[in-house]
Amino acid sequence: RWKFLVHKTATFHTKQRWHSLTKKTVKTMLPFIIGGVVAIIAGIFGYSIFSSEKKEIYVSVLGPSSSGKTTLHNFLRNTEYKDATIGHNDLEKIVLKKDDKKVTIKKGKDIAGSEQAVKAYYKEEIQLSDVSFFIFDSSEILKMESYSKNVNARLNFINKHCKTIKKEKIKILLIASHFDKVKDNPSAKKMIWNKIDKIASEGKINKPIFINLTNKTELETLKNELFK
């Protein structure tokens, strides 16, 4: 009986010790377990619970002369360039905020709209870009066949270069500016798309966003694209 009591007592103390160690281990490991679960959830849903979403992107704005490239840059970066761009203007980095999200636009260039600028800058800008706005004048593309050919040639250049360098992670937004000049024409949107759809559809370019560059609400929709 004495042996039985000794064995029972030893078993009891062993169990107590085991429970004590188990509790201690669980307490020690709990933060790591919770952290692991949070990391898995964050990975699935693509965001961090502990901080607002942040990203850093390079944004280019390309297109023919007088299409509104500098106006768009000024709005996105809160700058005030007014003179016509010759070659390029250097642009500083800026942080944009929307709700709990932040986007940093890296330093960049405001590129001129000349033919020389296409040769001098387009390849590098496409290579660097996470988001590229290609902007053209709605009224000019409807009025002038030469302007339409110019726009298509540039879009074709962008498409081909994206394929050549295998640029997959780029968001190209086609912007039909000065749409306020042709908005009274009910067929304007369809006519504009018919001018460029063959070239645009061959690459990563979607249908144009029709916009009035003097309307801040419409410009804000373009800024919102940077957070998507």
Main-chain N/O of His88 paired with Asp110 side-chain donor or acceptor, under 3.5 Å: no

message: So does Ala117 get a backbone contact from the side chain of Ser114, meaning a donor-acceptor N/O pair under 3.5 Å?
response: yes

query: With Lys167, which residues qualify under side-chain contact (heavy atoms from CB on, under 4.5 Å), at least two apart?
result: Cys162, Ile165, Ile170

[X] side, atom [atom1]; [Y] side, atom [atom2] - distance, nearest 0.5 Å:
X: Ile175; Y: Asp137; atom1: CD1; atom2: CG; result: 13.5 Å
X: Lys69; Y: Ser177; atom1: NZ; atom2: OG; result: 9.0 Å
X: Leu174; Y: Ile196; atom1: CG; atom2: CD1; result: 4.5 Å
X: Ser67; Y: Ile135; atom1: OG; atom2: CD1; result: 5.0 Å

- prompt: Can you name the residues that form a salt bridge (Lys or Arg N to Asp or Glu O under 4.0 Å) with Lys171, not counting sequence neighbours?
  reply: Glu225

Residue list, salt bridge (Lys or Arg N to Asp or Glu O under 4.0 Å) with Arg77, at least two apart or on another chain: none

message: Pair Ile158, Asn156 - check side chain to side chain contact (heavy atoms under 4.5 Å, CB included), show working.
response: CA-CA 5 Å; Ile158 292 169; Asn156 189 43; over 6 Å; no

query: Has Lys109 got its NZ or CZ under 6.0 Å from the middle of the six-membered ring of Tyr121, at an angle within 45 degrees of the ring axis?
result: no

NZ/NE/NH1/NH2 to OD/OE distance under 4.0 Å, Lys195 and Glu145: yes

query: Who are the side-chain hydrogen bond (donor to acceptor under 3.5 Å, both in side chains) partners of Lys123, not counting sequence neighbours?
result: none

task: Please list, chain by chain and in numerical order, all residues satisfying side-chain hydrogen bond (donor to acceptor under 3.5 Å, both in side chains) with Glu168, sequence neighbours excluded.
output: none

task: List the steps, then state whether salt bridge (charged side-chain N to carboxylate O under 4.0 Å, His left out) holds for Lys102 with Glu56.
output: CA-CA 9 Å; Lys102 289 183 182 180; Glu56 190 167 286; over 6 Å; no

Donor-acceptor pairs under 3.5 Å, side chain of residues 180-191 to any protein atom, not counting sequence neighbours: which ones?
residue : atom : partner : partner atom : Å
Asn185  : OD1  : Ser187  : N            : 2.9

ring-ring contact (aromatic ring centres under 6.0 Å, His included) between His161 and Tyr122, intermediate numbers included: CA-CA 9 Å; His161 191 58; Tyr122 270 39; 9.9 Å; no

